[in-house]
Amino acid sequence: MRPTALTSSNGAQMLLATGVVLLMSLLSMAIFGVKVAGLTLPHEAASDDVIDTTGQVLEVVQPLSQARMDLWMDSGLAPMEAAQLGIDTVHDDLLHHGEIRGVEIKLTDIVLSEIDASTLQVVAELGVSDGEAMLTYDVAFTLNVQSS
């Protein structure tokens, strides 16, 4: 049987397809190898965004909550309601501020309780995270009820 142009053309196409499949397999393995090799890189010590942000939030959360509570009380709300609304707006602002910086900031499990007629206590869990790290911190502070 003598080979025709059609049978040799099919053989060449099969050889080309096999070569393309082999090349794609090699590329896939190379990309996977590079990704796996990157997993062993050390953590970048210069990236302290979570720690820095946590410290900044801890500095401002009480005074900002106090100012918001005072503002709502001046508008005529009861102390507990004003404190709850103040803390909720602080949480929303921190969440939005974190989105802008690329860090997620959340206050969760917020518990507001009355210590006495002039003092409210806030207990919450602060969560700060970015793409590489997460830090949770228990927060507790007091808010003073101003006398009208």
Side-chain angles (χ1 to χ4, degrees), residues 9-148:
S9 175
N10 284 343
Q13 287 179 357
M14 292 301 291
L15 184 60
L16 180 61
T18 304
V20 169
V21 169
L22 180 61
L23 182 62
M24 295 302 289
S25 297
L26 290 172
L27 279 172
S28 176
M29 287 189 296
I31 291 171
F32 178 74
V34 168
K35 287 182 181 177
V36 169
L39 292 176
T40 61
L41 292 176
H43 173 70
E44 184 181 338
S47 177
D48 295 334
D49 290 342
V50 171
I51 295 170
D52 293 341
T53 303
T54 301
Q56 292 168 0
V57 169
L58 291 174
E59 287 176 13
V60 300
V61 70
Q62 192 279 336
L64 188 55
S65 297
Q66 182 70 54
R68 298 280 174 89
M69 184 183 97
D70 293 344
L71 181 70
W72 288 109
M73 284 183 59
D74 290 344
S75 298
L77 291 178
M80 284 294 274
E81 188 178 1
Q84 186 64 53
L85 191 55
I87 292 167
D88 290 344
T89 59
V90 167
H91 173 263
D92 293 344
D93 288 347
L94 289 172
L95 187 62
H96 179 68
H97 178 72
E99 289 174 356
I100 293 171
R101 291 181 63 170
V103 178
E104 185 176 6
I105 305 169
K106 286 189 176 184
L107 285 172
T108 57
D109 302 329
I110 301 170
V111 177
L112 184 62
S113 55
E114 187 174 356
I115 294 176
D116 56 38
S118 64
T119 309
L120 301 175
Q121 181 176 21
V122 179
V123 177
E125 183 178 73
L126 172 66
V128 180
S129 66
D130 63 6
E132 297 178 14
M134 179 179 173
L135 178 65
T136 58
Y137 194 89
D138 293 329
V139 178
F141 57 90
T142 59
L143 300 172
N144 298 317
V145 177
Q146 51 175 258
S147 302
S148 299

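All values reported here derive from a predicted model rather than from experimental measurement. Position 1 is the first residue of the sequence, and the numbers go up from there.
- When all heavy atoms are compared, the tightest approach of Thr142 to Gln66 is O-OE1, 4.3 Å.
- Note that the CG atom of Leu107 and the CG atom of Leu126 stand 5.5 Å from one another [nearest 0.5 Å].
- Taking CG of Leu120 as the start and OG of Ser113 as the end, the distance is 8.0 Å to the nearest 0.5 Å.
- Taking all atoms of both residues into account, the shortest heavy-atom contact from Asp70 to Asn144 is OD1-O, 4.1 Å.
- A donor-acceptor contact shorter than 3.5 Å is absent between the side chain of Ser28 and the backbone of Met24.
- Under the side-chain contact (heavy atoms from CB on, under 4.5 Å) rule, Val128 has a single partner from Ile51, Val103, Leu94, Asp52, which is Val103.
- Between the CZ atom in Arg68 and the CG atom in Asp93 there is a gap of 4.5 Å [rounded to 0.5 Å].
- We find the CG-CE distance between Leu85 and Met80 to be 13.0 Å, quoted to the nearest 0.5 Å.
- The shortest heavy-atom contact between Gln121 and Ala140 is NE2-CB, 4.4 Å.
- Residues Ala82 and Met73 come closest through the heavy atom pair CB-CG, 3.4 Å.
- A donor-acceptor pair under 3.5 Å is formed between the side chain of Thr89 and the backbone N or O of Gly86.
- Inter-residue side-chain proximity for Leu95 and Ile105 is flagged as unmet; no heavy-atom pair is nearer than 4.5 Å.
- Nearest heavy atom pair, residue Ser118 against residue Asp116, reads N-OD1, 2.9 Å.
- Note that CD1 of Ile87 and CG of Asp92 are 12.0 Å apart. Values are rounded to the nearest 0.5 Å.
- One finds the OG1 atom of Thr53 at 10.5 Å from the CG atom of Leu58 (value rounded to the nearest 0.5 Å).
- Of all non-hydrogen atoms in His91 and Lys106, the two that sit nearest each other are NE2-CA, 3.8 Å.
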